[in-house]
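Structure first, then comments.
One-based numbering, in listed order, for ligands and for the atoms of each.
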Amino acid sequence: MEPTRVEFLHLPEWQKALFYALTFVSMVLMAYPIVKRIRVWRQGKPIDWKPDIWGGISTYILGQKKVRTSRPKSGAPMHLLIFYGFLSLFVATTLLAIATYAPLVGIPNFHRGLYYLVYEATFDVLGMFFVIGVAWALVRRLFFLPKAATNTAQDTWVLALLLTVGVTGYLLEAARMANDPQPYDVSAPVGYALAQLIPRIGANTYLIVWWFHMIWVWVFFAMIPHMRLRHIVMAIFSAGGQPQTQPWGELKPISMEEVEETGQIGVAHAKDYSRWHLMSLDACMECGRCTEVCPANGVGKILNPKRVAQDIRAAAVSGAPIAEAVTEDALWACTTCNACVEACPVLIRHVDLIVDARRNLVAEGKLSGTAAVVLRQTASTGNAWGAPAGSREDWMKDLGVPLAREKKEFEVLFWVGCAGATDPGAVRTTKAVAELLNRAGVDYACLGQEEQCTGDAARRIGDEFLFQEMAQANVATFAKYGVKKIVTPCPHCFNTLKNEYGQFDGDYEVQHHSQFLLGLVQQGKLVGAELSPGQTVYHDPCYLARVNDESDAPRELLGDESHLNGMPSPVTEWLDQERGRRKLIEPEHFGRKTLCCGAGGGRMWMEEPPEQRPSNRRAEELLATGAKTVALGCPFCRIMLDAGIKAVTDEEIRLVDLAELLQDANRKAP
Ligand code: SF4
Ligand code: SF4
């Protein structure tokens, strides 16, 4: 006898009709509330990008890119089991439906023979992923739930419901085998094993099990839109529609025409966000991953990115102003480090939401204190520190640094940045880079007094038009000298020049100094730094490692060959360690998952009580490795960690830029 099975076994026609009716009702109950939400999303601005729907869905939904790397020790494997188990059950049901209804269009039912045996074996095993994953989630929710995740009785019941659906699915399979045993039943090993535990049953008992299973399936579908389960649907929309062409480091510009048209700057109400941003908020599953990694929340500040997403979502329905839905203190507390964006499995862009709201606060005159002073200084001197333009050349004395206005033509522009020209610690980095460029014979020049702040901090604090003024002035200066390639030791300048100046026709090849210096080492023009293993810890700057995915170049420059770019998994990290590629000691957070020093988003200039300084927390974490040297590649991080290290220890710790370590090595080289 050819292996197959009868669909709707023992089901009389009237019950079949009831099945179709209830399936229709549950689908309507699922779809209607979601369709109703379209009204909320449509309040937003039309999107101005072309979504890569398949790219987004294949990477983030089918590939589970974000899920794979967040909470790798528990949340990730659990969610992967549930997702792939659910997906396989979905595929199995779809294939079965196609096979069952194929005869209606003249195609014979193909659910038989070898296909049937392979189908049964595959989906019987894969379906267990779902059951195991849900059971794991239930145990985790009851006993080991992460602090930042929301926990309600409803969530526990939903998991119990999912488990019921999974388990009754297998019971149904076993009941079919017990009711109508066949020699090939063993091809579905889980169902077959269960069938051995129950006695042979009659048709009526089988039907009871069938209806019991189906009722829970319908309840599940009908519940999807009403709780965090809705991410099953909404995450697909969020991933498919996301602005994949907008790097995380690029904030959208505001035009004067827009301001004249709307009479406002930035976002005052949820309707001022894009439709995609509003839609993505509906995908939030309240997992708390964003809050768990938020450096501001981690030191007890009021900012809670999960809450921000939830509150803006609620404001989109109520129409409440954003300033009422999210407190100003929370909005100002953000360092724009993008840790939340990196962690969010449904691709919510918290930084866009927060900076857009800040823009409105700044326009409404709600920024005061030291950050407001910095904006005034930047506007009047072109330097965030308020230093006069001429002082940008003070560090150059006797170093033989070529100036653009004298040299006129050069291959590489060495962009120093406000900190690099002004702050004493950062000036050491600047001098080291200049010495290395000279030593390697690079054809470069600095702008000196012609350089102005990139406007990074102004933009992220929320003063968009001050940023645009700075950007346009710098782009004009670059045009004067025909600049094509820029190297800078500041990841904030690097990000802005690389990702944001294109908005003003300023398209350049921009490299962080670690990348450029590594190139010189690879060309044999410099020698790399050789550190003694286990003595030095490297602090990854957010705007280099996370926002611009560069963690390898700084390490390689220091003789460490760990491969951290992209989305490393615990397996690749383990392999790096096993193969002896690691020379640096890694702190708890490193690479893309680095912990912010607290400087970004203009926070460096905002006052905060000592117990709420992310720099102290990061300093503690770096020193917990036992390292006596802390290497870094960012002048902002240097300022913050210098204070942080002094606050948490009396020990002598060397805080040093990568360029200085390379400078040491090259001075010693023959
Ligand atoms: S960008 Fe950083 S500081 Fe801001 S909310 Fe996200 S994690 Fe927190
Ligand atoms: S915003 Fe993203 S990371 Fe945060 S709770 Fe919602 S789904 Fe989780």
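Near His350, meaning under 4.0 Å from one of its heavy atoms, ligand 2 places the atoms 1 (S). Within ligand 2, counting atoms from 1 as listed, the ones closer than 4.0 Å to a heavy atom of Gly288 are 5 (S), 8 (Fe). For ligand 1, the atoms lying closer than 4.0 Å to a non-hydrogen atom of Thr336 are 1 (S), 4 (Fe). Using a 4.0 Å cut-off to heavy atoms of Val346, the atoms of ligand 2 that qualify are 7 (S). Set against the non-hydrogen atoms of Cys334, the atoms of ligand 1 under 4.0 Å away are 1 (S), 3 (S), 4 (Fe), 5 (S). The ligand atoms of ligand 2 that sit less than 4.0 angstrom from a heavy atom of Lys306 are 5 (S). Per-residue contacts place Thr335 under 4.0 angstrom from the following atoms of ligand 1 (heavy atoms of the residue considered): 2 (Fe), 3 (S), 4 (Fe). Short contacts between ligand 1 and Cys340, defined as distances under 4.0 Å to a heavy atom of the residue, involve ligand atoms 1 (S), 5 (S), 6 (Fe), 7 (S). Taking a cut-off of under 4.0 Å to the non-hydrogen atoms of Glu286, the atoms of ligand 2 that pass are 5 (S), 6 (Fe). With ligand atoms numbered from 1 in the order given, ligand 1 contributes 1 (S) to contacts under 4.0 Å with heavy atoms of Val351.
Aromatic ring centroids of Phe90 and Phe83 lie 6.0 Å or more apart. Remark: aromatic rings of Phe129 and Trp136 are distant, center separation not under 6.0 Å.
Side-chain N or O atoms of Asp272 include one that pairs as donor or acceptor with a backbone N or O of Ala268 at under 3.5 Å. No donor-acceptor distance shorter than 3.5 angstrom exists from the side chain of Glu464 to the backbone of Arg459, with no hydrogens or angles considered. No side-chain donor-acceptor contact under 3.5 Å links Arg460 to the backbone of Gly601.
The nearest N, O or S atom of Cys344 is not closer to atom 8 (Fe) of ligand 2 than 2.8 Å.
Taking 4.0 Å as the cut-off, His231 does not count as a neighbour of ligand 2 on heavy-atom distance. The shortest separation from a heavy atom of Pro345 to ligand 2 is under 4.0 Å, placing the residue in contact. For Pro295, the closest heavy-atom approach to ligand 1 falls below 4.0 Å.
With hydrogens and angles left out, the side-chain atoms of Ser238 and Tyr60 include no donor and acceptor closer than 3.5 Å. A donor atom on one side chain and an acceptor atom on the other are not found under 3.5 Å apart for Gln43 and His269. For the residue pair Asn499 / Gln246, no side-chain donor-acceptor distance below 3.5 Å is found, with atom types taken as modelled.
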Legend entry - Chi angles and distances behind the side chain to side chain contact (heavy atoms under 4.5 Å, CB included) call for Phe220, Leu162: CA-CA 7 Å; Phe220 162 68; Leu162 290 179; 3.2 Å; yes
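For atom 3 (S) of ligand 2, the closest non-hydrogen atom of the protein is Cys290 N, 3.4 Å. Atom 2 (Fe) of ligand 1 has its closest protein heavy atom at Cys337 SG, 2.3 Å.
For Leu303, every heavy-atom contact with ligand 1 shorter than 4.0 Å involves the side chain, none the backbone.
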